[in-house]
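Below is one structure, written out as structure tokens; comments come after it.
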Amino acid sequence: MDEERVLIQLQDESGEVLGSPFDVPLDISPDKLQLVCNALLQKEEPVPFLFFVKDAEVVSSLGSCVQTLGLETEQVLPVVYQPQAVFRVRAVARCTSSLEGHTEAVISVAFSPTGKYLASGSGDTTVRFWDLSTETPHHTARGHTHWVLSIAWSPDGKKLASGCKNSQIFLWDPITGSQIGKTLTGHTKWITWLCWEPLHLNPECRYLASTSKDCSIRIWDTVLGRCDKILTGHTQSVTCVKWGGDGLLYTSSQDRTIKVWRAKDGVQCRTLQGHAHWVNTLALSTDYVLRTGAFEPATATINPQDLTGSLEEIKEKALKRYNSVRGEGHERLVSGSDDFTMFLWNPAEEKKPVARLTGHQALVNEVLFSPDTRLIASASFDKSIKIWDGKTGKYLTSLRGHVGPVYQVAWSADSRLLVSGSSDSTLKVWDIKKGKLNADLPGHADEVFAVDWSPDGQRVASGGKDKCLRIWRK
Amino acid sequence: MPQNEHIELHRKRHGYRLDHHERKRKKESREVHERSHKARKMIGLKAKLYHKQRHAEKIQMKKTIKMHEQRKSKQKDDDKTPEGAVPAYLLDREGQSRAKVLSNMIKQKRKEKAGKWEVPLPKVRAQGETEVLKVIRTGKRQKKAWKRMVTKVCFVGDGFTRKPPKYERFIRPMGLRFKKAHVTHPELKATFCLPILGVKKNPSSSLYTTLGVITKGTVIWGKYAQVTNNPENDGCINAVLLV
């Protein structure tokens, strides 16, 4: 008996066709499809792909997929292929060290863009730098007079900005641990979020945006040490700011609105309304690539290195990476709020949201796009994490397991794993493909306030109320 | 005790005695000694009362002295950073644990049934009948006084029809009838103009609740808001949402 054959047409995510339709046996497996795809694309190294027929993934064979969907085999079947990250990040499984040193709760944790340095801000008013190869303290940066609420690495990894509850911003040099430049003062209430200008817009990493409870956003010139622009317009505390790759600034606030500003002249472009309660968090689809700048996670080595090359080269690399992640359309923005829902926006084009993501039963604390922008993860106080499609906002799956509100999540660089920290003092690593728990990481003695996955994928760092910072490896 | 103002009159006309101020000063300084002498020598019920009074005065004096002293040495505390550091996303929240929330919900439901609320204005001045209701005289010789007119803002439902004027005891003037209220959400600090569904409870008297009189402190329906102004003076009803 002849095996059944079907005509398929390979297309990529934006709809562009690859080659002409050709026929394949119905029981072809995804591996063989991958070989075909790689051959057609003429890539030097084989790239793993995922295949979708009308949004349903081809898991075992094309035949089973067609059967479940009930499609005809007479017509040409469009099969969408999605390239996956070439490298695989291994799941972390054990705590390699518990770094004491802070005398109060650790509030924020961040790896530098290349993954070489680790910085943590705490309630004891210090920012500490940790040496990752020996997992011991490196420097203690003193200077703040109140809790260090937020820290942000510049995209070239050479500077760290930290904002405190007394509304001051300090800049630190990670190599020496000392302060760079002057203290940036100007806000009247505590700093809620800090965000640097993307590398491909300015390779010197000169401008920094900060938001505060005093309802204003300030853009600072870090070289001259003074405030460049003040953006006012919000009527309540501004909770989050993201500097987009197209020169637009997005800010969310407790007055239930999100405002879009032009970074060059500080003019407000749009106000996005729709939420019914405070807007807590924002996430851009290009967040991860803006954070890592010119560093490509696929080229990571065991020992993280600094960025090399002149400013021009770095800018080129960052721009290339940014364009490849952004794709054809504009950046997408997702906002999470206290009204238990999230909105997916296309802020560069319209005022109306693309989709409203409902389903959570308590406030949404953090939302994050996956590094390949295909998925959105949302952490909520209802103890669950929900995964949504990054383009349409369709609900995909819920990750349950925590027994307390989930505070923060972090994606691994290949978008296959997700780590989440919660108030029940555990961290959990989830496998996105299976939609299940991969590893449970207990060890903290009290609530976990901040988690971060290093961009080279080797380590996860977490800090919490028990004053110690834990590093986890495979 | 002088019954009239002849002392002041004399002072105005002739001025003070030449040694008046000196004598006054000395008398005042002697007062302290005389008080202590009295406190020592008094006996009986009179003494008990006096001692009680003096004890209370002394306590009050000690408290004020302590307060003045405290103000001088206040600067040291500001340097220390307070405990309980929380990340920025937890700063504006009070951090109630979930178990508490559930039992709180049950308690709130019970309270609602009993008709008690945690209201922002717990103690409101009770308003007597003469303030809220005005007597209207009727009759050929204006002698009958059984009708009353409400002088405060009130709410009547949608299907309200007056009783026949001959039998109407309580008159609610149309000018004082309100349908909408400005309700403020205490957390969001946003105010909305919402229609009133009904008056739930007027703290002064149950009679006013049935009449629908709205005064400061009344709890109105919809989502339970409490009135925070005197509507009859302002011409609008401002209320705070009870969450």
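Order of the sequence lines sets the chain letters (A, B, ...), proteins ahead of strands, with each chain counted from 1.
Residues passing the salt bridge (charged side-chain N to carboxylate O under 4.0 Å, His left out) test with K152(B) are E131(B), E232(B), sequence neighbours excluded. Applying the salt bridge (charged side-chain N to carboxylate O under 4.0 Å, His left out) criterion to R172(B), with sequence neighbours excluded, gives no partner residue.
Contact detail for A105(A) and A85(B): the closest heavy-atom pair is CB-O, 4.0 Å.
Open room surrounds CH2 on W193(A); 12 or fewer heavy atoms of other groups in view lie less than 6.0 Å from it.
No side-chain heavy atom of L91(B) sits less than 4.5 Å from a side-chain heavy atom of T192(A).
The one candidate from Y407(A), W278(A), F381(A), F449(A) that meets the ring pair (Phe, Tyr, Trp, His ring centres under 6.0 Å) condition with Y89(B) is Y407(A).
Using a 4.5 Å cut-off between heavy atoms, K213(A) contacts chain B through its side chain alone, with no backbone atom that close.
When V106(A), N166(A), T125(A), L149(A) are compared by the number of non-hydrogen pairs under 4.5 Å with chain B, L149(A) comes out ahead.
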